[in-house]
2 protein chains.
Amino acid sequence: MPRSTRRRPAPTHPAAEDIDLYDVLHALSDPTRMTIVRVLRAEPERACGSFPVDVAPSTLSHHFKVLRESGVISQREEANRRFSALRTVDLERRFPGLLDTVLAALARNGGDA
Amino acid sequence: MPRSTRRRPAPTHPAAEDIDLYDVLHALSDPTRMTIVRVLRAEPERACGSFPVDVAPSTLSHHFKVLRESGVISQREEANRRFSALRTVDLERRFPGLLDTVLAALARNGGDA
DNA sequence: ACCGCTTTTCGATGCTTGTCGAACATCGCA
DNA sequence: TGCGATGTTCGACAAGCATCGAAAAGCGGT
């Protein structure tokens with residue numbers, strides 16, 4: 001009996017057309033999560049633990065879950081690490097210009113605040 | 001002794017340059033408040049009680065307070081009515097394109113949902 | 001087989017939030 | 001002066017949220 005290669009439950013992502021605006025806005029209304037998005041904007045992919053945020057690992061995991069379930073980021077597993085990436089294409093298709101505008105606004109708000 | 005003509009405490013608004021992005025995003029992440037913004041987009045001004053939202057007056061007052069203190073709307077008093085308006089100029093100056101993009105995204109999200 | 005690293009899950013905690021009803025304030029009008 | 005209409009304030013309440021520490025799961029290397 002071939003055991004599944006899946007170890008932990010694979011991270012679930014909403015379909016592009018199911019991304020909800022209110023979920024996205026809520027996800028982006030937290031500074032810690034916005035920092036994650038901003039960093040991910042500059043790099044295509046990054047491991048969870050390598051973000052310049054000052055919260056406990058469990059808290060960070062929670063924020064990634066919020067971002068993932070709102071459709072802002074995607075996550076893939078590699079070994080015991082989990083890499084995150086912005087869903088730029090899906091977001092652009094669903095809500096054109098939103099991500100760019102918000103990130104531009106963030107830069108005016110205080111940049112890294 | 002001349003009493004002040006102010007009866008109730010006048011509504012307080014943040015200065016344009018003090019509008020905080022996180023406050024704005026949070027204000028916009030609620031459907032009831034978003035409905036208010038959407039209606040205000042089509043009309044320059046409107047009295048509080050005349051919005052097509054289905055909540056108690058006290059709840060509505062709370063939402064207006066959130067919108068006002070985040071800098072999304074302004075309110076002026078006339079007699080015993082309070083008129084609200086979008087702070088389109090201030091918002092555009094502080095976060096260019098944000099309001100338009102979010103409202104366009106709202107239309108894609110389900111329009112009046 | 002064991003250890004260390006990365007990340008998630010669980011339970012708890014304190015704060016925030018959306019909601020309501022009741023009471024209050026203010027105005028116009030009769 | 002009193003009445004109705006318009007909004008706000010005040011508690012109260014349930015739900016949600018950001019946060020943490022402790023524990024567990026999964027992987028790679030020794």
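Everything numeric here is computed off the predicted structure, so don't read it as measured data. Residue numbers start from 1 in every chain, and the chains themselves are labelled A, B, ... in the order their sequence lines are given, proteins ahead of strands.
- Atom NE2 in His62(A) sits roughly 18 Å away from atom P in dT13(C) (whole-Å rounding).
- Taking the side chain of Ala47(B) as heavy atoms from C-beta on, and the options dG7(D), dC20(D), dT7(C), the nearest nucleotide is dG7(D).
- Here the C1' atom of nucleotide dA5(D) and the CZ atom of Phe83(B) are 13 Å apart, to the nearest Å.
- Atom CZ of Arg82(B) and atom P of dA5(D) are 20 Å apart (whole Å).
- Rounded to an integer number of Å, the gap from CZ of Phe51(A) to P of dT7(C) is 10 Å.
- For Thr59(B) against dG18(C), a side-chain-to-base donor-acceptor contact under 3.5 Å is absent.
- A donor-acceptor contact under 3.5 Å is not formed by the side chain of Ser61(B) with the base of dG7(D).
- A salt bridge does not link Arg94(B) with Asp20(B): none of the charged nitrogens is closer than 4.0 Å to a carboxylate oxygen.
- If you check dA18(D), dT8(D), dT19(C) against the side chain of Arg33(A), the one that comes closest is dA18(D).
- Between Met34(A) atom CE and dA18(D) atom P the separation is 13 Å, expressed in whole Å.
- Where Ser58(A) and Val66(A) meet DNA chain D, the nucleotide closest to each residue was compared, and Val66(A) sits on the side nearer the 5' end.
- In this structure, Arg46(A) places its CZ atom 12 Å from P of dT7(C), rounding to the nearest Å.
- For Arg81(A), counting side-chain heavy atoms from C-beta on, the closest listed nucleotide (dT6(C), dG18(C), dG21(C)) is dT6(C).
- Separation of atoms CZ (Arg38(A)) and CZ (Phe51(A)) is listed at 11.0 Å; rounding is to 0.5 Å.
- Rounded to whole angstrom, the span from the CG atom of Leu28(B) across to the P atom of dG18(C) amounts to 12 Å.
- Checked options Arg76(A), Gln75(A), Arg46(A); the residue passing with Ser84(A) is Gln75(A) (criterion: side-chain hydrogen bond (donor to acceptor under 3.5 Å, both in side chains)).
- Atom CD in Glu69(B) sits roughly 14 Å away from atom C1' in dT16(C) (whole-Å rounding).
- Closest approach to the His26(A) side chain among dG18(C), dT8(D), dC17(D) is made by dC17(D) (side chain taken as heavy atoms from C-beta onward).
- Residue Asn80(B) has its side chain nearest to dT6(D) when only dT9(C), dT19(D), dT6(D) are considered.
- His63(B) comes within 4.0 angstrom of sugar-phosphate atoms only, judged by non-hydrogen atoms across all strands, and of no base.
- A distance-only check finds a donor-acceptor pair linking the side chain of Glu92(B) to the backbone of Gly97(B) [under 3.5 Å].
- Using a cutoff of 4.0 Å between basic side-chain nitrogens and carboxylate oxygens, Arg93(A) and Glu17(A) are not scored as salt-bridged.
- Between dG18(C), dT7(C), dG7(D), one nucleotide has an atom nearer to the side chain of Pro57(A) than all others, and that is dT7(C).
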